[in-house]
A.B. asks: 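This is the structure I want to talk about, given as structure tokens.
Atoms within a ligand are numbered from 1 in the order they appear, just like the ligands themselves. Residue numbers start at 1 and run along the sequence shown. This is a predicted model, so every value here is computed, not measured.
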Amino acid sequence: MGELRQVIVPVTPFQQNCTILWDADSGDAAVVDPGGDVDRILAALDAHRVTPDRILLTHGHLDHAGGAAELRERLRARTPGAAIPIEGPDRGDAFLLDGLEAAGRQYGVPMRNVAPDRWLADGDTVQAAGRTWEVLHCPGHSPGSVVLFDRTARFALMGDVLFHNSIGRTDFTYGDTDALLSAIRTKVLPLGDDVAFVCGHGPSSTIGAERRSNPFLRD
Ligand SMILES: [Zn+2]
């Protein structure tokens with residue numbers, strides 16, 4: 001297993017951190033949360049000579065998942081015969097993925113509904129970018145949000161669960177602040193202070209930095 005490489009491509013008017021991950025030795029690669037701007041994602045793949053074989057979704061919000069169907073289609077067209085499965089999120093976000101087209105219309109951003117090839121559940125593992133990712137179901141921001149954790153690289157894909165100095169918003173009708181804080185305290189923080197993460201918006205951070213200074217995690 002080689003070094004884990006990452007490139008962040010901000011996508012959609014929401015500046016969501018679409019993340020391209022690959023193993024430096026094998027070249028195994030994945031795209032995480034392709035919310036839109038698929039041309040820009042494909043250009044970044046070409047610039048780094050990376051060929052992803054799967055797409056991962058941390059949750060079903062439009063800025064994370066709105067470009068997934070188009071990206072899967074265009075990657076399949078580039079590599080005939082390749083499945084390019086979409087894995088994640090948890091099934092609790094099915095209603096969001098079924099409503100992407102309508103949500104996109106609301107914001108004036110064209111997008112398509114998407115059906116994942118595999119739903120993820122707490123405790124599952126995902127093979128992507130040449131390593132094994134553990135699945136943590138962390139509802140609250142959305143019912144089906146998942147965090148993906150590479151225990152070897154000490155690296156997590158946080159989605160909109162935990163940000164640098166903030167947490168995911170919970171003011172949607174289906175939001176649940178208590179559930180989100182509980183998931184962060186019982187599942188995310190115990191991963192370890194040394195764990196670095198990429199989140200859906202804004203700068204990357206570490207679990208230790210957030211445990212010490214995130215105002216939402218004060219007792
Ligand atoms: Zn979100």
Side-chain angles (χ1 to χ4, degrees), residues 6 8-21 30-38 40-41 55-71 86-116 119-122 126 133 135-149 156-184 187-188 197-205 207 210 214 216-217:
Q6 52 163 285
I8 291 174
V9 184
V11 295
T12 79
F14 303 94
Q15 292 292 292
Q16 196 277 123
N17 291 327
C18 171
T19 306
I20 300 168
L21 297 169
V31 178
V32 185
D33 287 353
D37 296 322
V38 172
R40 202 183 305 164
I41 297 169
I55 295 167
L56 307 178
L57 297 179
T58 63
H59 65 294
H61 280 153
L62 76 168
D63 51 332
H64 293 254
E70 182 188 348
L71 181 64
I86 294 174
E87 302 191 41
D90 175 273
R91 202 180 283 276
D93 275 7
F95 74 104
L96 291 171
L97 298 176
D98 290 340
L100 286 172
E101 204 180 309
R105 264 199 307 273
Q106 251 179 351
Y107 289 97
V109 188
M111 49 186 58
R112 285 157 51 186
N113 296 346
V114 64
W119 295 107
L120 297 177
D122 197 61
V126 171
W133 301 80
V135 176
L136 289 72
H137 181 211
C138 296
H141 171 69
S142 73
S145 280
V146 296
V147 168
L148 300 169
F149 175 50
L157 299 160
M158 200 60 73
D160 287 354
V161 170
L162 178 65
F163 298 119
H164 175 53
N165 279 343
S166 190
I167 60 172
R169 58 186 284 196
T170 53
D171 58 330
F172 304 105
T173 51
Y174 48 80
D176 186 334
T177 308
D178 290 344
L180 179 60
L181 286 170
S182 167
I184 292 170
K187 294 182 177 177
V188 175
F197 65 83
V198 167
C199 44
H201 304 268
S204 299
S205 185
I207 287 176
E210 298 317 307
N214 190 311
F216 291 87
L217 302 182

A.B. asks: Looking just at side-chain N and O atoms, do D90 and H59 make a donor-acceptor pair shorter than 3.5 Å?
C.D. replies: no
A.B. asks: Please lay out, stage by stage, how F163 and H141 fare under the test ring-ring contact (aromatic ring centres under 6.0 Å, His included).
C.D. replies: CA-CA 12 Å; F163 298 119; H141 171 69; 7.4 Å; no
A.B. asks: Short of 2.8 Å from the Zn ion (ligand 1), name each protein N/O/S atom, waters not counted.
C.D. replies: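 Near the Zn ion (ligand 1), the protein supplies H59 NE2, H61 ND1, H141 NE2, D160 OD2.
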A.B. asks: List the residues meeting ring pair (Phe, Tyr, Trp, His ring centres under 6.0 Å) with H164, not counting sequence neighbours, and say none if there are none.
C.D. replies: none
A.B. asks: Is D160 salt-bridged to R169, going by a charged N under 4.0 Å from an acidic O?
C.D. replies: no
A.B. asks: How would you list, by chain and number, every residue that makes a side chain to side chain donor-acceptor pair (under 3.5 Å) with S205, sequence neighbours excluded?
C.D. replies: E210
A.B. asks: Could you list the donor-acceptor pairs under 3.5 angstrom formed by side chains in residues 107-116, with sequence neighbours left out?
C.D. replies:
{"residue": "R112", "atom": "NH2", "partner": "E73", "partner atom": "OE1", "Å": "2.9"}
{"residue": "N113", "atom": "OD1", "partner": "L100", "partner atom": "N", "Å": "3.0"}
{"residue": "N113", "atom": "OD1", "partner": "E101", "partner atom": "N", "Å": "2.8"}
{"residue": "N113", "atom": "ND2", "partner": "D98", "partner atom": "O", "Å": "2.9"}

